[in-house]
Amino acid sequence: MFEEELEGRSGSDYDDSQTLLAEDRRRAEVRKIRKYVIIGIAGGLALVALVTAIVLWRINAPSSDQEDISTLLNISGDEVAIVADTELKEEKGILVDDKVYIPSAAASSYFDDRLYVDKSEGILTYIDGKKIKDIKVKEKVDGKKPLIKRKGEYYILLDYIIANGACDCVQYNDPTRAVVFKDRNRQYGIITLQEDARVRKGPGKKYPYYEDIKAGDIVYADASKKPENEFTPIVARDGVSGYIPTECIRSTENNVREFESKPTSFARKKMSENLCLGWHNISSKGITSLPANISEAKALNVLCPTWIAIKGNHGEIESAANSEYVSKAHSAGKKVWSTVSDFKYKNYKHAEVLGKMKNRRRLINNIISEAKKYKLDGLNVDFEDVGTKTSKAYLQFFRELVIYAHKEKLIVSTAVRPVTEYNNAVFNYAEQGRVADYVIVMAYDEHTTKKQKDKDVEAGSVASIEFVKKACEDILAYVDAEKTAIGLPFYTRLWKETKKKITAEVLDMAGAEEWVWKNGLSPKWNDETGQYYVEKKIGKATYKLWSENNKSIETKLSAVKAAGIENYAFWAVGQEQGFVWHTVGEYAKLS
C-alpha cells in the first residue's frame, strides 16, 4: 500500500515540499538575525545614551573634591592662623604645649588694645578698669603662663585673652586658628542661609570645597571680593573664606555686629554740675594772678593753667604750679586742673618715656606728686605730638594715669583734636571715652599757619560754625554726650596775604576789635562762618579777619547745645571780653 502511494506521487511534488521547508528555515533564520540586530542596535543606543549621560553628568556635576583648609590659611606645623574681623592676617600664632599663643603686637592690634607688653622688661600689663595687672614673662597665673618669649618675640596666651579681653574670640582646631572680632563700628554684610551650602575655593561648582555650612547659619560677606557666576564670596564664622551659591542665601543685612563682650569703662569721677572750663595759658613760673575777667566769669567752674610738661626720657617733668594761685582760685569758687602736655620740649622720645614701664610709672608718679603737693582737683592731658607708632604707648600711659589719679580723687580729662581718620587711629576716641572722665574736643584751629598733610596754608576762620557742628557730631559717634565737652576759641587770627606767602597774627577779642576800628572798617556778618568778617588791602598785602566776639561765641554755644552737649571749654581765659561770660552763663547753666 505504501508503495502504491509513492507510485501515485510525481517527482516534482516532492521537490517542491523540500524547497518550502528550506525557505521556512531561511525565513526563520532571517527573523532571528533581524531580532538580534534590533536588540544590538537598541543596546548600542542605550549604551550611547548611558555614556552620554555619564559624560554630561561629569561635565555638570559639582566637584566633590575637598581642599585642605590649612592651605587656605597658609599655616603648617605648629603655626596658628589669625582671622580678625573676617580678614586673614599675615601674623601667625604658635602652639606651645597644646596651648595657643598670639604675638603681642597682634594681640594688641586685633584682640584688645589694653594688652600691652613692655618688651624692654618682658612685662604684660592689662587694666580692667579698676586695677593694673602686671605679669612677668613666664610668670604663672592660675597655673598658666600668660606671657612667653620665643625667638625674641613675646606671645600672649589666647586663653588669657579670651578670659580678659574685650573681644569676641573663638579657637577652632583641625587646623588651629583664632577667629576674633574687635571692630565695633564696622558694617558687615551679615548673611543668613536658607539651605545647606558648600564653601568652595572659587566662584563655581567645579572648584573644590573647604567645608559644608548648614541652613540657618550666619556668615559674613567678603567685601574684598566680588560676586561671580551667581556665587557670593563669604567668610564663615570659623574663619574659612570662599564662595557659596547665591541661591542659598535667604537674606543679607548690612549692619554692625552684635558683640557678646563689652569693653570695660573706668569708674568715673565727675563734676557735680556741668563742666565749664577755661584754659589759662601760663608760659613761665611764678605767675600767681588769676585771669583778668575772673570776677565776671561766674559760669566758669574750672581753671586749667598750662603748668605741667614732660621734659625727659626718664619721666622728668617741668611744673609752674604754685600754691598761691590754687588758693586764690579755690577762694573764687573755681576748681583747678593742671594741663599735662607733651609738646613744650623736644629732647625726649615718646617711645622711651611712655613705652617703657619704669619711665612711664616714674612720669605718672611725678605728675601725681605735683597734683597732691599743690592740692589740685584734676588734670587735663593735652598730648599733640603722638603719632601712630607711639599711639599704644600713649594710651597705656593715659589708662595708668587715670587709675593712679582716681586713687587720689583727681578728675582726669583729655584734650583731643576733632575727629579725622588719622586722629582716631592715633588717639582712639572710643577708648579715651571709656577711660577719661571728660573728653574735650578742641574745636578750633580750623585754619592755622602750620601746613597740614592734606592742604596748604590758607587764610580762614579759626572755628567756623560748620566746623564746630561737625566736631560735635563726629565725637558723639565715639564718646557719650555727658562725658563730652567742646572747646571754643576766644581768639582769632589776622591774616596777611602777599604773592609770596601767607602769615597770621593771633589776636584776642579786644585786639581784633581795635584793629578793625583803627582801619575804619565795618564788619559784615557772614552766615556761612557764623562770624563777622573784614578785609582790607594795605600796600601789597591783603589782610583778612574772621572775628570772634559775643555773637560768634553765642552762635557756637547754641550749636553745641543743639547737639546735646552741655559741657564747654575755652581757649584761653584772658583773651575774651568780660561780657562774653554773661552769654556763656546762659548756656552753661550750672545746676
For the residue pair [X] and [Y], confirm or rule out a side-chain donor-acceptor distance under 3.5 Å.
{"X": "Ser261", "Y": "Asp168", "result": "yes"}
{"X": "Asp85", "Y": "Tyr220", "result": "no"}
{"X": "Thr125", "Y": "Asp134", "result": "yes"}
{"X": "Glu153", "Y": "Tyr101", "result": "no"}
{"X": "Gln531", "Y": "Ser461", "result": "yes"}
{"X": "Asn365", "Y": "Arg362", "result": "no"}
{"X": "Thr288", "Y": "Asn322", "result": "no"}
{"X": "Tyr110", "Y": "Glu91", "result": "yes"}

Side-chain heavy-atom pair [X], [Y] within 4.5 angstrom cut-off:
{"X": "Trp571", "Y": "Thr306", "result": "yes"}
{"X": "Val439", "Y": "Lys483", "result": "no"}
{"X": "Asn185", "Y": "Val256", "result": "no"}
{"X": "Thr414", "Y": "Phe427", "result": "no"}
{"X": "Leu158", "Y": "Phe111", "result": "yes"}
{"X": "Asp342", "Y": "Tyr348", "result": "yes"}
{"X": "Leu115", "Y": "Ser104", "result": "no"}
{"X": "Leu157", "Y": "Lys99", "result": "yes"}

Just by modelled atom types, is the [Y] backbone N or O under 3.5 Å from a matching donor or acceptor in the [X] side chain?
{"X": "Thr448", "Y": "Lys450", "result": "yes"}
{"X": "Asp480", "Y": "Glu482", "result": "no"}
{"X": "Lys373", "Y": "Ala321", "result": "no"}
{"X": "Asn423", "Y": "Pro418", "result": "yes"}
{"X": "Ser558", "Y": "Thr555", "result": "no"}
{"X": "Asp474", "Y": "Ala477", "result": "no"}
{"X": "Thr529", "Y": "Ser464", "result": "no"}
{"X": "Thr390", "Y": "Ala351", "result": "no"}
{"X": "Glu352", "Y": "Lys349", "result": "no"}
{"X": "Gln187", "Y": "Asn255", "result": "yes"}

So which heavy atom on [X] is nearest to which on [Y], and how close?
{"X": "Ala332", "Y": "Leu290", "answer": "CB-CD1, 4.5 Å"}
{"X": "Lys182", "Y": "Ser108", "answer": "NZ-O, 3.5 Å"}
{"X": "Trp581", "Y": "Cys276", "answer": "CZ3-SG, 4.3 Å"}
{"X": "Tyr568", "Y": "Lys561", "answer": "OH-CB, 3.7 Å"}
{"X": "Asn380", "Y": "Cys304", "answer": "CB-SG, 3.6 Å"}
{"X": "Ala481", "Y": "Asn567", "answer": "O-ND2, 4.0 Å"}

Do [X] and [Y] meet the cation-pi criteria used here (NZ or CZ under 6.0 Å from the six-membered ring centre, within 45° of the axis)?
{"X": "Arg493", "Y": "Tyr491", "value": "no"}
{"X": "Lys470", "Y": "Phe467", "value": "no"}
{"X": "Lys133", "Y": "Tyr126", "value": "no"}
{"X": "Arg268", "Y": "Tyr438", "value": "yes"}

salt_bridge([X], [Y]) N-O dist < 4.0 Å:
{"X": "Glu87", "Y": "Arg186", "value": "yes"}
{"X": "Glu318", "Y": "Lys285", "value": "no"}
{"X": "Lys469", "Y": "Glu466", "value": "yes"}

* **Pair listing, ring-ring contact (aromatic ring centres under 6.0 Å, His included) test, anchored in residues 294-341, at least two apart** =>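 Matches after skipping sequence neighbours: His280-Tyr325, Trp307-Tyr325.
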
Supply the atom-to-atom distance [X] [atom1] to [Y] [atom2], rounded to the nearest 0.5 angstrom.
{"X": "Ile368", "Y": "Leu363", "atom1": "CD1", "atom2": "CG", "value": "10.0 Å"}
{"X": "Ile465", "Y": "Asp527", "atom1": "CD1", "atom2": "CG", "value": "10.5 Å"}
{"X": "Asn424", "Y": "Ser391", "atom1": "CG", "atom2": "OG", "value": "9.5 Å"}
{"X": "Asn274", "Y": "Ile565", "atom1": "CG", "atom2": "CD1", "value": "12.0 Å"}
{"X": "Arg399", "Y": "Phe266", "atom1": "CZ", "atom2": "CZ", "value": "7.0 Å"}
{"X": "Asp377", "Y": "Lys334", "atom1": "CG", "atom2": "NZ", "value": "13.0 Å"}

* Aromatic contact, Phe490 with Trp279 (centres under 6.0 Å) ->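 Here the rings of Trp279 and Phe490 have centres that are no less than 6.0 Å from each other.
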
* Tell me whether the centres of the aromatic rings in Phe383 and Phe397 are closer together than 6.0 Å. =>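 Yes; Phe397 has its ring centre under 6.0 Å from that of Phe383.
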
* To do: Take Gln432 and Leu395 through the side-chain contact (heavy atoms from CB on, under 4.5 Å) test and state the conclusion after the steps.
  => CA-CA 8 Å; Gln432 291 206 65; Leu395 289 169; 4.0 Å; yes

* To do: In sequence, state the C-alpha distance, the side-chain angles, and the governing distance for Val381 and Tyr394, and then conclude on side-chain contact (heavy atoms from CB on, under 4.5 Å).
  => CA-CA 11 Å; Val381 179; Tyr394 161 70; 4.0 Å; yes

* **side-chain contact (heavy atoms from CB on, under 4.5 Å) assessment of Tyr116 paired with Arg360** => CA-CA 13 Å; Tyr116 188 83; Arg360 183 175 65 249; 3.7 Å; yes

Does [X] [atom1] have over 12 foreign heavy atoms under 6.0 Å away?
{"X": "Asp142", "atom1": "CG", "answer": "no"}
{"X": "Lys130", "atom1": "NZ", "answer": "no"}
{"X": "Lys269", "atom1": "NZ", "answer": "yes"}

* Does the pair Thr583 and Asn550 meet the rule for a side chain to side chain donor-acceptor pair (under 3.5 Å), with working shown? -> CA-CA 7 Å; Thr583 301; Asn550 190 57; 2.5 Å; yes

* Pair listing, salt bridge (Lys or Arg N to Asp or Glu O under 4.0 Å) test, anchored in residues 381-398, at least two apart ->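 Found Lys346-Asp385.
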
* To do: Sequence neighbours left out, what passes side-chain contact (heavy atoms from CB on, under 4.5 Å) with Ser265? Give chain and number order.
  =>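 side-chain contact (heavy atoms from CB on, under 4.5 Å) check on Ser265 returns Arg434.
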
